[in-house]
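Quantities reported herein were computed from a predicted structural model and do not represent experimental measurements.
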Amino acid sequence: MKKKVLTVDDSRTIRNMLLVTLNNAGFETIQAEDGVAGLEVLEEANPDVIVTDINMPRLDGFGFIEGVRRNEKYRAVPILVLTTESDAEKKNRARQAGATGWIVKPFDPTKLIDAIERVTA
Amino acid sequence: MDMNEIKEIFFQECEEQLAELESGLLKLNDGDRDPETVNAVFRAVHSIKGGAGAFGLDDLVSFAHVFETTLDCVRSNKLEPNQDVLKVMLKSADVLADLTNAARDGGSVDEARSKQLIRELEALANGEMSAAAEAPVARAAPVAAPVPAATPAVNDEGFQPIPFSFDDFGDEEQPAESGVPTYEILFRPKSELYAKGNEASLLLRDLSRLGEMSIHCDTDALPLLEDMNPEEAYFAWKISITTDKGEDGIRSVFEFAEWDCDLEIRAVEKKSEAGVEAQDELPMQPVPFDLSILDEPTDVIVSEPEPVSPASAADFGSNVVPMAGAGRDEAPASEQRAAVAQPAAGPAAASAASSAAAAPTIRVDLDRVDRLINLVGELVINQAMLSQSVIENDNNGLSSINMGLDELQQLTREIQDSVMAIRAQPVKPVFQRMSRIVREIADATGKSVRLVTEGENTEVDKTVIDKLAEPLTHMIRNAVDHGLEPPEKRQAAGKNPEGTVRLTAKHRSGRIVIELADDGGGINREKVRQKAIDNDLIAPDANLSDEEIDNLIFHAGFSTADKISDISGRGVGMDVVKRSIQALGGRISISSRPGQGSVFTMSLPLTLAVLDGMVVTVAGQTLVVPLTAIVETLQPEASAIHSFGASQRLISIRNSFCPLVDVGRILNFRATQANPVEGVALLVESEGGGQRALMVDAIQGQRQVVIKSLEANYTHVPGIAAATILGDGRVALILDVDAVVAASRGQSLKQEISLAATG
């Protein structure tokens with residue numbers, strides 16, 4: 001069965017890249033454009049893993065992660081954060097919010113798939 | 001979808017982000033200190049950088065990076081976004097736009113400028129940072145280990161040191177003496193590790209890929225079943241692995257988990273048999289592990305049965321869900337509860353609030369919309385034809401048919417309006433572009449200018465918007481270059497040395513009115529008059545009203561600046577502006593007050609697809625005169641008609657004379673002049689502000705007509721702007737009022753246009 005990935009990113013460019021990369025790697029991809037939308041589709045998407053950006057309007061990545069962790073059904077879903085050049089402070093905040101791991105931008109398909117496979121069975 | 005398509009999307013997105021960036025910066029410039037505005041600005045640059053990085057657009061990335069860093073200082077309140085800072089940022093936004101364009105279309109950017117700005121941005125970031133250096137350091141301290149995992153330095157900060165002796169354990173399998181080193185790892189997950197979605201077995205699986213390894217699971221911490229908290233972490237693992245990846249390689253496996261477990265890695269020395277022998281039998285208990293972990297279950301279990309209230313049940317989930325750190329969640333969750341009345345409803349409430357903020361949109365190919373608009377145009381015509389033929393054939397007045405037709409007509413109208421609304425877009429993007437133009441000219445002329453925009457959300461047809469940018473640019477340039485005085489002069493006149501240019505859009509009676517006002521010196525009428533005389537535009541003794549003098553600037557080749565500057569003097573004058581506005585079916589006028597500035601007012605149709613017209617008869621032909629051109633209609637009386645010259649006639653209207661133009665004669669519909677008394681005069685305003693009375697035979701009515709291009713289907717016909725199809729199925733021509741008026745001045749239309757054949 002295909003693994004389902006929920007991606008949350010406000011950039012159309014990155015969303016499309018994620019979509020292409022994940023689909024090519026054989027994942028089923030569900031996309032949301034910010035944290036609020038991400039939480040809205042969470043139930044329906046029923047993801048095996050979540051990839052989220054940090055800087056987003058309405059609800060940022062930290063808030064989104066906290067939201068997922070509060071959801072009794074999805075609180076154990078692995079969440080990977082897309083960050084830029086390993087911003088240590090941000091990484092740390094994401095971790096505190098409950099992120100499982102992170103992927104450093106610029107976007108690299110191999111790194112993304114590696115990271116996803118690392119946190120999913 | 002391939003990379004090129006994504007790249008295209010990226011550039012589209014860049015445009016949006018750049019617009020967002022600029023409008024945000026302008027808001028900040030106006031004193032807006034809403035953190036969300038700063039965030040939006042930051043996000044815009046951040047997003048551009050992110051995408052650019054993915055496409056390897058290094059110039060863009062490096063500039064965006066510096067910009068972002070400086071913006072981050074603003075965001076974290078380390079840098080006050082004052083006017084000077086914003087000036088640099090607005091310029092940076094311009095350069096960022098240039099870099100984006102260069103990345104898309106090739107071409108180069110002004111490197112000196114971008115380097116200069118990078119220096120300025122860095123200076124802003126560094127200057128303020130060093131002053132505020134202590135604060136960030138102090139704040140960073142309580143946060144544990146903000147160091148990338150790959151650096152070995154993390155050892156010191158990643159977890160609390162535990163008094164633990166490695167000598168107490170080792171591994172049963174001592175690998176062969178290959179040159180490959182062996183490491184002993186103690187891995188003791190905390191409950192947080194599971195709460196964050198990490199999984200010990202996956203980490204061990206990853207670890208096993210590094211080399212030969214053996215695992216021993218330490219279950220000693222496992223309490224009795226009745227004491228067990230399913231969300232607690234009770235297991236620890238001892239691993240011995242032989243790998244050439246080194247300690248860093250091992251650490252990288254635990255990269256995501258490092259903070260949430262106790263991790264000890266030790267390289268095994270080649271001959272450490274003693275330790276190995278000793279370890280197997282030794283129980284783990286004596287080792288002072290992080291005992292707080294062991295204590296925790298008791299605490300949690302005491303508190304766990306308590307959450308019976310629905311709110312906290314929803315919050316934490318039931319106890320049986322594995323791998324969730326209830327203990328860890330306790331504090332943030334209760335905070336959250338305090339912040340939001342009902343945590344479970346939190347996301348839903350947030351989404352309801354946000355949906356009000358941003359209505360969902362879709363992107364549609366413009367061709368599809370245009371096709372739809374075209375079809376609806378046909379539908380309107382068809383409906384009109386249907387109505388007409390029913391009326392003609394139905395003398396009994398079958399009311400049900402008529403009522404149905406009325407409803408159809410109403411529906412058709414509504415469909416038409418709705419379809420037009422699809423093409424309507426706010427003028428905002430054009431207005432936003434103007435702020436950059438103002439900045440550039442202000443810089444070039446050394447004037448200090450503030451652009452104020454109003455009514456940015458006024459909507460108008462996309463074509464109108466697209467074609468508006470160019471004339472507006474010229475007008476803005478003119479307003480700053482010619483309109484506003486230099487700062488010294490302004491000060492001398494008791495004005496604010498900073499000039500203001502105000503750009504306003506609003507809807508007025510079915511049209512969009514755009515006003516461009518400056519608070520400069522106004523039109524120098526003496527100078528304009530002299531120039532007009534010098535250029536033979538007017539006679540030296542001509543008696544002109546102020547308004548007429550002001551309107552002289554719309555004449556070709558007119559510029560009052562003493563020398564042609566490189567800003568507004570690019571061979572484009574107000575005459576070109578006027579013509580492009582007129583080509584859009586619009587009108588432009590100026591009103592000026594000496595010492596107080598000038599106001600240019602443009603009135604444009606909301607759409608170019610339909611037109612409100614007056615349907616008239618001329619020599620048996622049906623013509624449509626754009627309603628916007630008509631000032632009034634009147635029935636001439638014989639006493640008001642005055643002849644002069646060979647064939648010229650004037651009509652006196654309220655004590656002023658106005659040339660009478662026989663449309664039928666100009667268009668060659670008839671050989672002789674019609675008797676004015678038998679027709680109707682349409683008083684029209686034409687180019688240059690003058691009025692003319694157009695003679696037509698009769699007025700049929702007023703109607704909204706769908707414009708059909710004549711050029712696209714036939715060829716351009718002088719005196720005719722376009723065609724339309726009337727309700728009775730006949731083609732009617734739409735009069736080009738300005739061309740007809742011009743023809744009446746003697747520059748007669750070409751003879752070959754005998755329109756009788758067309759009608």
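- Across A:P57, A:P78, A:G35, A:A37, the residue that shares the most heavy-atom pairs under 4.5 angstrom with chain B is A:P57.
- With a 4.5 Å cut-off on side-chain heavy atoms, A:S11 and B:F10 do not count as touching.
- Contact of the A:V49 side chain with the A:K3 side chain is not registered, since no non-hydrogen atoms from C-beta on lie closer than 4.5 Å.
- Interface remark: A:L80 contributes side-chain atoms only to the contact with chain B (heavy atom separation under 4.5 Å).
- With a threshold of 4.5 angstrom between heavy atoms, B:F42 approaches chain A through side-chain atoms but not through N, CA, C or O.
- Under a 4.0 Å N-O distance rule, the pair A:R12/B:E13 does not qualify as a salt bridge.
- Heavy atoms closer than 4.5 Å to chain A are found in both the backbone and the side chain of B:Q12.
- When only modelled atom types and interatomic distance are considered, A:T29 and A:N23 share a side-chain donor-acceptor pair under 3.5 Å.
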